[in-house]
Protein chains: 2
Amino acid sequence: MKKLENTIPSCDSCPNEKRVFCSLSQLELGELSINKKNFQYKKGEEIFQEGNYPHGIFCIYSGVIKLSKRGNEGKDQIIRFAKSGDILGYRSMLAKQMYSTTATAMDDVLICQIPIHNFESLLKSSNKMCMKTIELLSDDLKRSENQVLSVSQKRVADRLAEALLTLKDKFGFKEDQQTLNMQITRREIGEMAGITTATTIRTLSDFNKDKLIALHNKDIKLINVAELERLATS
Amino acid sequence: MKKLENTIPSCDSCPNEKRVFCSLSQLELGELSINKKNFQYKKGEEIFQEGNYPHGIFCIYSGVIKLSKRGNEGKDQIIRFAKSGDILGYRSMLAKQMYSTTATAMDDVLICQIPIHNFESLLKSSNKMCMKTIELLSDDLKRSENQVLSVSQKRVADRLAEALLTLKDKFGFKEDQQTLNMQITRREIGEMAGITTATTIRTLSDFNKDKLIALHNKDIKLINVAELERLATS
DNA sequence: CGTCATGTTGAGAGCCCTCAAACGTCGTGG
DNA sequence: CCACGACGTTTGAGGGCTCTCAACATGACG
């Protein structure tokens, strides 16, 4: 982790999609930027850890972050990913609770930290921002409840197909419109779906044989998306 | 389901804890009551179904409701319970989406339906109510993410212990301070934890043998809460 | 008192995990 | 430039947890 000076522009000129801040005026965005700190994290570094207390919210300028929870045998469960424009840590901050997940950089990340005070006062003064926050939380809740159902009832292959499609939806394809645009280990794919690494690799290999996907080194090409979707919803 | 006339008092004189409405004035609570409809549901009846569109939010006056999702083999997963004072269906309503869960009465339920308009206009005018809604959603999200971890990593006995403790926390004990104050079938306990009915019964029987619980007919007495907690967090 | 849902228990199977070994890749430092 | 180690990938063997299926008991309720 490295503290940056003036590398990232003020929020009012941030090129990213504004998400929760989309309703704010240029003026309000400027206010948001007061006391904003910028950091750089290298791949693998942790932005915050489950069990620690938040001092502000994070807004991702560039890069990808995974949010995960550690189980009791040291096995991780990936809860979701966040990328540029996404905000992190507001749930814990608003509830004044410890972080319930750990945030880890999946690649090199530039991130802004906004002090609690600035965020909260905007939330209290802007009803639209409140509603937007409710929207974000609702969406996360829906996803999470679906994940409970998946892990509880679906078999490994179906969950793996689901994970691959999640990666597609969140990160898209490379230029060929087939290869997942995301560098991710087999272990992490397993951690998305709640599968052990060995079984993840075995099942990916099955998909490869069945021509649902094609594996080249670490690249994963989705060949038969329709069939993957059939599996994922079955 | 039976429509009731004047059986339930106006919101401003509702004896239940106000939850999301706790910050509202008597006047605002009165406004909330305009166009409020009251219904009675008998045990087993569905208040709303996954896939339908909401017309308003529900606020439980008395009784207990389970929220569940149906898997593809017809197996249900219970997402959470709601009881008097809890509100239902606001997530789907605010997102203008179909219900993502089905709500079923666990016993006889008296419930109020508040039209979308009344709820939304209060949400837009009352920042405190917004913040309270954010709090509720945050709490649900945290629980749900924990459940993902449980179902994904814990073994059946541990998840069952967790479910029993959830029942204790949500519904408490009967007079003896040991017997769960909730009529619930073995199948439903299994559906809380993502376990089949047969395995649920077998594991309950194991707990009984190990003197963690005592079974009398449908009553479940928690004998060794400390050990159940140890299991649940292991 | 019949009927249907729920509870209980047994036998067997299979999915997936655990453990282990071998190999490839990549970055580091000698 | 190569040796080395760390990490990720791959594959096999074996086992156990949990599901499925089935039969029967029990209880609720008209």
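Letters A, B, ... mirror the listed sequences (proteins, then strands); counts begin at 1.
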For A:Q183 and A:M106, the nearest pair of non-hydrogen atoms, with its separation, is O-CE, 4.0 Å
Among A:I223, A:L231, A:N224, which residue satisfies the side chain to side chain contact (heavy atoms under 4.5 Å, CB included) criterion with A:F207? A:L231
For the pair A:S152 and B:Q77, evaluate side chain to side chain donor-acceptor pair (under 3.5 Å) and give the outcome as yes or no after the intermediate values. CA-CA 8 Å; A:S152 147; B:Q77 171 73 44; 2.8 Å; yes
Donor-acceptor check, side chain of A:D176 to backbone of A:Q178, threshold 3.5 angstrom: yes or no? yes
Would you mind reading off the distance between A:N208 atom CG and D:dT10 atom C1', rounded to a whole angstrom? 13 Å
Whole-Å gap separating P (D:dC17) and CG (B:L160): 16 Å
Would you give a per-nucleotide map of nucleotides 7-21 of chain C, 5' to 3', where B means the base has a protein non-hydrogen atom under 4.0 Å away, S means only the sugar-phosphate does, and - means neither? SBBBB----SBB---
Say whether, by atom type as modelled, one donor and one acceptor occur between the side chain of B:T166 and the main chain of B:E162 under 3.5 angstrom. yes
How close or far is atom C1' of D:dC29 from atom NZ of B:K43, stated in whole angstroms? 12 Å
End-to-end bend of the helix from C:dC1-D:dG30 to C:dG30-D:dC1 (five-pair axes, 10° rounding)? 40°
In whole Å, I'd like the distance from the CG atom of A:D76 to the P atom of D:dG8. 12 Å
Quick check against the 3.5 Å criterion: does B:D108 have a side-chain atom that pairs as donor or acceptor with the backbone of B:K43? yes
When the side chains of residues 80-88 of chain A are checked against the rest of the protein, which donor-acceptor pairs come out under 3.5 Å, sequence neighbours left out?
from	atom 1	to	atom 2	distance (Å)
A:R80	NH1	B:E145	OE2	2.7
A:K83	NZ	A:K170	O	2.6
A:D86	OD1	A:R19	NH1	2.8
A:D86	OD2	A:K83	N	2.8
A:D86	OD2	A:K170	NZ	3.3

Length of the CD-C1' vector between B:Q183 and C:dA5, whole Å: 13 Å
Indicate yes or no for a side-chain donor-acceptor contact from B:R70 to the backbone of B:D76 under 3.5 Å, with no hydrogens or angles considered. no
